[in-house]
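In this text, all values refer to a predicted model and were calculated from it rather than measured experimentally.
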Amino acid sequence: MPRMTKRIKRIKTLVDATLLNLCLFILMHCLSTPLYSQDVICMTMEESISMALTENNQIRSMEFEKEKADWNKKRAWSVLFPSINMYTRYSNIDNKTFMERSYNPFSSLGLQMPQSVFRESYYSSINIHTPLFEGALLNGLAIADANIEMASQADKAAREEIIFQVIRSYLNIIKANDILKLQRDYLELSQMNYERAERLQRADRYSKTEALRWKVDYQLQKSIVASSESVLRNSKATLTRFLGTGLKKPFEIKKNIPTILTEKSEEIANKTDDEILEMINLSNEELIKINSSLSSIKAGEEISRLMYKNTFSSYMPSVSLDYSYAWKENNTIDLDDNRSQTLMVTCNIPIFKSFQNYTVSKTAYYDYRKTKELFSDQLQNIRYVLTNITNNIINLKNQRELSKVNVEFNEKNYNIVARRKEQGLVSNINFIDAKLNLQNAKLNHISTYYDLISSMIELYYHLGKLDTVYVKILNLK
């Protein structure tokens, strides 16, 4: 009976200790959990793109740029309409001047002259000015239209770039998460092997060299995981940057890729190398038309040409019509007394402006030439980028097939080595090498898979086909 009582007490003590440890574990977990974990936002790619298109500062600035261009055109039209103003002048002269001006030489003859000089006098008139012909004003309308076109193309280019960057950043986060998950699994396995090696060393069944080999493997895995965590943080920071000011809380992404992306990447992967290269075989006119960035720069070149053309208006005559309705100057601000009306057509013909118009024309000309050269350079740069992207896609689609086979081979090899190690037929070094080869094969396959999708998105972005992707992601018609 006393033995039974002791056994019950011992079991009760173990249960109490277990409950205490469980409570301490729950408490430590709650303390280690961030306070904002309850407020973490889970975002899909669709939600990320929608937020970027409404909250990104670059997108907003392009909207203001379009409004600015629209009002610039209204201003260009407004200068062609008549302008009306009212002019009023007040004068006050000293006594001496007043006496001199109001002196009447015929006063000795008894003749009185109408008063035309006042100590305090007022003069008022209403003036209308209408430009009839002025080259700079007419050319301003063409410049305003070009500005609207450039703002529209720049807005389109900004939207496509933000969408491209958001999709690529989103894919980079999924890729970093998958890689990190795999590396953490290997880290856990390395830790278990290292701890087992230490136990065997203490039991004199492992040499110190063998135990250190497992320790090196464990530290290597820890370093790789730390590096991957940094990559994940950088990928999230990049996506946050493009989402703009709308993101107020920490976020996580849903780790699923829209079907349209995998379908398009498979479509690219199934093409032959020649078919992929044929996708970028475009004339300059075709490439400028489909690439919004080039279209925007081309519109800027057109503005530069019109600005150069506008400088020649300084050599042209200008014709205007002026009408004035004025009240005679007197000593009251009231609009009374006799009224005069004046209608005048003015023709201004420039003859010599000390070479100002010539120097302005030359300055605008070389600015135009500079813009043309920059556009040609950008056109060549886009072609260079497209060549690199297509070559990268060709390499990735071939590497993807190789990585599949490589993963399959290394999995079988690792399983064989693991079984032989249990039988004592394989050294630790060979086992670690097999494990690392399998890890690298899986990591390479993950990287190749996501890099192919990202390269496909980048190719579609430069070829102006990005709308075929994001329109379906956003479920737009």
Side-chain angles (χ1 to χ4, degrees), residues 53 56-83 130-164 282-320 350 356-383 385 461-467:
L53 290 178
N56 185 274
N57 299 106
Q58 188 176 353
I59 298 294
R60 289 178 173 179
S61 69
M62 287 297 102
E63 291 293 335
F64 295 136
E65 184 67 23
K66 288 170 64 179
E67 291 292 333
K68 172 187 171 184
D70 186 56
W71 281 102
N72 272 337
K73 184 173 182 179
K74 291 183 174 71
R75 183 186 61 82
W77 275 107
S78 67
V79 296
L80 297 176
F81 293 102
S83 60
T130 303
L132 298 179
F133 176 80
E134 190 163 347
L137 300 183
L138 297 175
N139 201 42
L141 292 173
I143 295 174
D145 285 332
N147 271 317
I148 289 179
E149 175 65 18
M150 186 181 72
S152 176
Q153 292 295 339
D155 177 67
K156 182 181 178 182
R159 287 178 174 274
E160 290 185 354
E161 181 182 2
I162 294 301
I163 291 171
F164 161 64
L282 304 168
S283 65
N284 288 343
E285 291 75 17
E286 291 173 328
L287 187 56
I288 294 169
K289 183 178 180 180
I290 64 176
N291 188 285
S292 55
S293 177
L294 286 176
S295 298
S296 176
I297 300 174
K298 185 66 176 178
E301 179 190 327
E302 177 63 13
I303 291 175
S304 180
R305 185 188 71 83
L306 291 174
M307 294 294 290
Y308 166 58
K309 182 179 177 182
N310 192 48
T311 60
F312 290 98
S313 62
S314 61
Y315 298 94
M316 301 169 62
S318 60
V319 182
S320 62
Q356 293 179 21
N357 46 7
Y358 179 75
T359 54
V360 169
S361 296
K362 281 296 183 181
T363 302
Y365 171 72
Y366 287 111
D367 183 68
Y368 169 55
R369 290 293 302 272
K370 181 193 76 172
T371 307
K372 286 191 66 175
E373 293 299 327
L374 290 176
F375 172 74
S376 298
D377 179 74
Q378 184 63 18
L379 180 60
Q380 295 176 26
N381 183 61
I382 292 295
R383 289 196 176 278
V385 170
Y461 162 61
H462 287 292
L463 291 180
K465 297 182 178 180
L466 196 58
D467 56 342

Legend entry - Carboxylate-amine/guanidinium proximity below 4.0 Å for Glu302 and Arg305: yes
Legend entry - Results of side chain to side chain donor-acceptor pair (under 3.5 Å) for Ser318 - residues two or more places apart only: none
Inset, instruction - May I ask you to test the Leu282-Ile290 pair for a side-chain heavy-atom distance under 4.5 Å? - result: yes
Legend entry - Qualifying residues under ring pair (Phe, Tyr, Trp, His ring centres under 6.0 Å), relative to Tyr461, sequence neighbours excluded: Phe164
Inset, instruction - With side-chain contact (heavy atoms from CB on, under 4.5 Å) as the test, would you mind laying out the steps for Ile59 and Ile162 before giving the verdict? - result: CA-CA 8 Å; Ile59 298 294; Ile162 294 301; 3.9 Å; yes
Inset, instruction - Tell me whether the guanidinium CZ or amine NZ of Lys74 lies under 6.0 angstrom from the six-membered ring centre of Trp71 and within 45° of its axis. - result: yes
Inset, instruction - Find the distance between CG (Leu80) and CG (Leu132) and round it off to the nearest 0.5 Å. - result: 11.0 Å
Could you pull out all donor-acceptor pairs under 3.5 Å where a side-chain atom in residues 133-151 meets a protein atom, sequence neighbours excluded?
residue	atom	partner	partner atom	Å
Asn139	ND2	Leu306	O	3.0
Asn139	ND2	Asn310	OD1	3.3
Asp145	OD1	Lys73	NZ	2.7
Asn147	ND2	Ile143	O	3.3
Glu149	OE2	Gln153	NE2	3.1

Inset, instruction - Please examine the side chains of Lys370 and Asp367, heavy atoms only from C-beta on, and report whether any two atoms are closer than 4.5 Å. - result: yes
Legend entry - Side chain proximity check, Arg159 to Met62, heavy atoms < 4.5 angstrom: no
Inset, instruction - Please tell me if the side chains of Leu379 and Asn284 come closer than 4.5 Å, counting only heavy atoms from C-beta onward. - result: yes
Legend entry - Atom pair NZ/OG1 of Lys309 and Thr311 - distance to nearest 0.5 Å: 11.0 Å
Inset, instruction - Using the salt bridge (Lys or Arg N to Asp or Glu O under 4.0 Å) rule, take Glu63 and Lys68 through it: C-alpha gap first, then chi angles, then the decisive distance, then the call. - result: CA-CA 9 Å; Glu63 291 293 335; Lys68 172 187 171 184; over 6 Å; no
Legend entry - Axial cation check for Phe375 ring with Lys372, 6.0 Å and 45° limits: no
Legend entry - Residue pairs passing the side-chain hydrogen bond (donor to acceptor under 3.5 Å, both in side chains) test where at least one lies in residues 292-301, sequence neighbours excluded: Glu160-Ser292
Legend entry - Salt bridge Lys66-Asp70, side-chain N to carboxylate O under 4.0 Å: no
Legend entry - Under-4.0 Å salt bridge between Arg60 and Glu65: no
Inset, instruction - Any chance you could lay out the side-chain contact (heavy atoms from CB on, under 4.5 Å) test for Lys362 and Thr359, step after step, and finish with the verdict? - result: CA-CA 5 Å; Lys362 281 296 183 181; Thr359 54; 5.7 Å; no
Inset, instruction - Sequence neighbours left out, what passes ring pair (Phe, Tyr, Trp, His ring centres under 6.0 Å) with Phe312? Give chain and number order. - result: Tyr308
Inset, instruction - Look up atom CD1 in Ile288 and atom CD in Gln378, then write down how far apart they are to the nearest 0.5 Å. - result: 11.0 Å
Legend entry - Sub-4.5 Å side-chain heavy-atom contact between Asn291 and Leu463: no
Legend entry - Tyr366 atom OH: more than 12 heavy-atom contacts under 6.0 Å: no
Legend entry - Residues that Ser320 engages under side-chain contact (heavy atoms from CB on, under 4.5 Å), provided they are two or more places apart: His129, Asp322, Thr346
